[in-house]
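Predicted model, so just to flag it, every value in this text is computed and none were measured. Each chain gets a letter, A, B and so on, in the order its sequence line appears, and its residues count up from 1.
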Amino acid sequence: MPSENNTAESLASGSFKLERYNKNIEDQLVEQWEKEQVYKFVDDGKKPVYVIDSPPPFTSGKLHMGHILSFTMFDIVARFKRMNGYNVLYAQGWDTQGFPTEVKVEKKYGRLPREQFVEKCHEWTEEYMEHMRWQAKHFGFSADWSREYVTLKPDYHKKVQLSLVEMYKKGDVYMAEHPVFWCPHCHSALAKAETEEIEREGTLWDLRFEIEGQPLIIATTRPELLHAVVAVAVHPNDERYKGLIGKTVTTPLGKEVPLLADEDVDMEFGTGAVMIATFGDKQDVVWMYRHKLPYIKAMDEHGRLINAGEFDGLKVAEAKQKVIEKLKAEGKVLGEKKLKQVVKIHDRCKKPVELLMSNQWFAKLLPYKEDIKKAAHEIRWHPDFGIHYLLDWVNTLEWDWVISRQRYFGTPLPFYVCPKCGHTEAVADDELPFYPEKAKGMKCPKCGADMKPEEAVADCWVDSSITPLVVAGWPDEGWEKYYPSDLRPQGIEIVRTWAFYTIYRGLRLTGEKPFKHVLLHGHVMGPDGKKMSKSLGNVVDPKDLLDKYSADAIRLWVAFSGTLERDRPFMYDQVKRMQNLVNKIWNASRFVQLVTEDYNGEDEPLTLTDKWILSRFYEVVNEYMKHMEEFNFYQAVTALTNFFWEEFCDNYLEFVKYRVYNDINKRSAQKVLRTVLEGVLRLYAPFAPFLSDYLYRAIYGKGTLHKGPLPTAGEIDASAVTYGKVLKESAEAIRRLKKKKGLSLKDELDSVELELPKEAEPFRQALEDELKKTVFVKAISWSLLTSKE
RNA sequence: GGGCCCGUAGUCGAGCGGCUAAGACGUUCCCCUUACAAGGGAAAGAUCCCAGGUUCGAAUCCUGGCGGGCCCACCA
C-alpha cells in the first residue's frame, strides 16, 4: 500500500507529506506506539507513580458510546499525567463472566454440560474481547496492554478465590440459610443491587378470611401465596380490630393462623388487615423474623408452587388465576380492582424476582457500615456530592451481601461443604485456582464425611471489586507500592455497586481504602436527548463514527460536550465542528512548517507582537494546567482552543505574514511560530493524540510527544499583552470598517479613526506601523481614551 | 415519602457574588484574501424558570413555588 509507506516515511523522517488529515495515520500510529512501547508502565523510580483503576468493561461485543465517552475521559487523565511527569500505571481489564453471556450462549447452543458450556462462553467472550480491544486502541486509549487482565482467566480466578479464602478465614464470608432475592428464570440467587423495579398494572382482590365466624376482608395482589400465609396483621391502634388481636383467623383455604398487631401495617390501605405470606415481599421477611413466624416454602427454584396442595407445580401467573377461579366459585372473592404496583425484576433478564429461603454464601457487610463510611470520607469525590450516593446506600443496607450464584460462567467459590453436618471449609491455597469438577476433595474435620466442592460461582461484583489490588499486582511481592490507586474513574450509577464493593473489599483485605480519588462521569444520551435505546432508534454506534470522523474529533467532542458529571446528548454537528478543529490544527501546522522550513535557529530580538502571543500562550498554559488538575477538561480545552483559533490563527499568523514573506524580523517570527505551535500540539496531545503526535513528529522530527513534557509558562510581559490586545482590536475594527465600505480585506483603506486606550499610548507608533503593514491601511488617526468607562 | 442534581438565545451548553452573560450548532449578509471554503469577515438572537429575601451589587447566595432528571425506601 503506497499511502501507508508515505505515512510511515513521514513518521520516521520528520517530513510532512500529507496535504490533508488522513485516517490512515491512525492505524500507523497505533502500530508505531506499540512498537515504541510509548505507554508501557516502567517504574524507574525517577518519577512519581500514578495508578488508574479503570473500569473493566463487560465483554458484550462492542464498545458503545458510553464506553467512548468514559474511556476518553480516563485516557485524557492518563495522558495528561504521563506528560506531566508521572509514571502512569494504566491497565485495562475486561469483565467477562455473568448472565448476559450465558443467556446468549444458551440461546445459540442450547443447554450443554457444564464444562462444555463454560468453554463456549470462553470462545464467545474471546472473540468479542478481541474486537473491543481493537476499538479501544483505535480510539487512542493509552493503556499498557501488557498489563491487561481478564476476569475469566485462571490467574484472575486465583486472585478472586484467594481474596474470598482470606475473608472466610477472618469470618467475613459464611454460608447460611436466609431469604434471598431469587430469579426463577435464571435459577439463581441475586444481590439487592442486581434488582430493578418496574411499574405495572396488577389486580388487587378483596378476599374473605374469617375470624370467630365473622368475615375479615383482606386485600391482596398475591392470592397464589395463600397456602404460605402464616399470619394476618393489623395496626395496634386500629379500632376496627381491637379486641380481635391474638385470635385465630381462617384463610380462604381453610388454614388457621394468628392475628397479630404490628406498627408497620398501613391502616389506610385496603381494609387495614394484611396477610403475611412467606414470602410475598421483603416486609413479610421482616415480619417473619420479628414475630418468629414459621416459614412455609411457597415455591421451588423454578418458581413453581409447592406445599400448595392442588396448586402444586403451577407457575405464579397460572396459579394466581386458578386460585382466584376457585375462590370465586366459593364466593370468597368480594372485590377486584386494578392497581398500579411496582415489581422487582432481575436487571439482566427483566423477569420478576421472588424471595426464597435458600442456603447461600454471604459476605458480612453490616458490621462494617461505619468503616466503609469513614473510608468514603477519606476519598476525594469529583464531583463532591458523589459521596452521597455511597453514604445513602450504606445507610439503607439491611442484609449482608449474597455472593453466590447458581450459575456456571463465573469464578467458582473456593469452598467445601459437608453434606452430612453442613460444616464448611475453605480450599487450601495450593489448590487455587479451584474448579469443583477437578476438586481434590476433603474429609469433613467435624464428622469425617466426604465434603462436596461448592458448585456455585461468585457474583461478578466479587470479581470486579478487587481491581485496585489486581492492578497493583496483589498478592505478589511489591503490590503495596501501587495500592491504593490514585484514581478510580467510573459511572455515577455504579457507585452503590462497584465503588461500594471495592471499598468494602479493599478495607477488609488490606485495612486501607482502595483509591484516593473517585472521578464520576455522566452519560451520552441519544441525539434526541433521550436515553439511547434500540426501541427508540436513537442509538449511535461508535463504529459508524470512527468510519466517518477522525478518532481525535470524537475524543475532542467528549471534552467539549460539557462538564464531566452531567449527561449530554450526542450531537453530530458538534463532532463535525471538532473535525473542523482537527483540520484547522492541521493547516496551521502546515503553514508554520512552510514558513519556518529555512529557520536556522538564529536568535533575533522578539517584537512586541511576538512577546504578546508568547505571553498569551503562557497565560493559557497556566489556565490549562489549573483546569486539568481539577479534571475540568472542558475548561482546559476551551481555553486552549479559543487561544489557538482566535489569537494564534486568526491574528498572530496574519500579523507575521508580511515578516516571513518579506524577511522583516523573520527569525524571531519563525522562532515564536515554532515555539507556540509546539506548545499547542503538546497541550492538545491528551485530547487529540493521533493528530498531535503525527504533526509533532513531522515538524519537529523528535519522536513521540506523548511522553511529555507539557509546556511550562514563561515570563508574561504585561505591556506586550496590552499591545497585542489593542493591535488585535484595532485590526478587527479596520476589518469592520472595510466590510462597511464594501471593500475586501486586502484592499487598502485610505484612513481610519481608532480609539487608543491610555495604557497603550506609548505604543502608538508601533501599532500604527504594524497595522499599516498587516491590515493594509494608509493613515490612522487616534482618539485617546483617558479612562475606562 | 427521603436524598441528590439540574432549569442560561431556536438547539447544545460554560460561567456559580462584581467588566457589554463564554463558546459552538443553526439563521442572515459579504468574501474562493497565496495554511485552511472542512475557511475568513460581519449581523441578528437571552425578562439567565417564577416569586420573595440577603447584599452597595445576584444568573451566581438563602427561602418558597413550578418544571425536568437520577438514586433510595414503601407499596398487602
Determine the interatomic distance between P on C12(B) and the same-named atom on C5(B); round to the nearest Å. 22 Å

In whole Å, I'd like the distance from the CZ atom of Phe644(A) to the P atom of G23(B). 18 Å

If you measure from the C1' atom in G13(B) to the same atom in A22(B), how many Å do you get, rounded? 10 Å

Taking atom P in both A37(B) and C32(B), compute the distance separating them and give it to the nearest angstrom. 13 Å

Please tabulate the protein-to-nucleotide N/O contacts below 3.5 Å involving nucleotides 15-18 of chain B, giving atom names and distances.
none

Taking C16(B) as the reference, what is the distance to A21(B) when you measure between their P atoms (whole Å, please)? 15 Å

Ignoring hydrogens and angles, answer whether the base of C31(B) and the side-chain atoms of Lys739(A) contain a donor-acceptor pair closer than 3.5 Å. no

Taking the P atom of each, how far is A43(B) from C49(B), in whole Å? 27 Å

Beyond-backbone contact of Phe644(A) with Val620(A), side-chain heavy atoms, under 4.5 angstrom: no

So if I take every side-chain heavy atom of Arg736(A) and compare against A42(B), A35(B), C4(B), which nucleotide ends up nearest? A42(B)

For the P atoms, the ones on G45(B) and on G40(B), what distance do you get once it is rounded to whole angstrom? 24 Å

Does the A38(B) base have a donor-acceptor partner in the side chain of Tyr549(A) within less than 3.5 Å? no

What distance, rounded to whole Å, do you find between the two C1' atoms, one in A59(B) and one in A46(B)? 11 Å

Test: Arg496(A) cationic atom under 6.0 Å from Trp401(A) six-membered ring centre, within 45° of axis: no

Quick note, Lys657(A) side chain, CB onward, closest among C6(B), C74(B), A35(B) is A35(B)

I need the minimum non-hydrogen distance between Ala376(A) and Trp381(A), along with the two atoms involved. O-NE1, 2.9 Å

Tell me what Gly562(A) touches on the nucleic acid: a base, only sugar-phosphate, or nothing, going by heavy atoms under 4.0 Å. sugar-phosphate

Does A73(B) have OP1 or OP2 under 4.0 Å away from a side-chain N or O of Trp393(A)? no

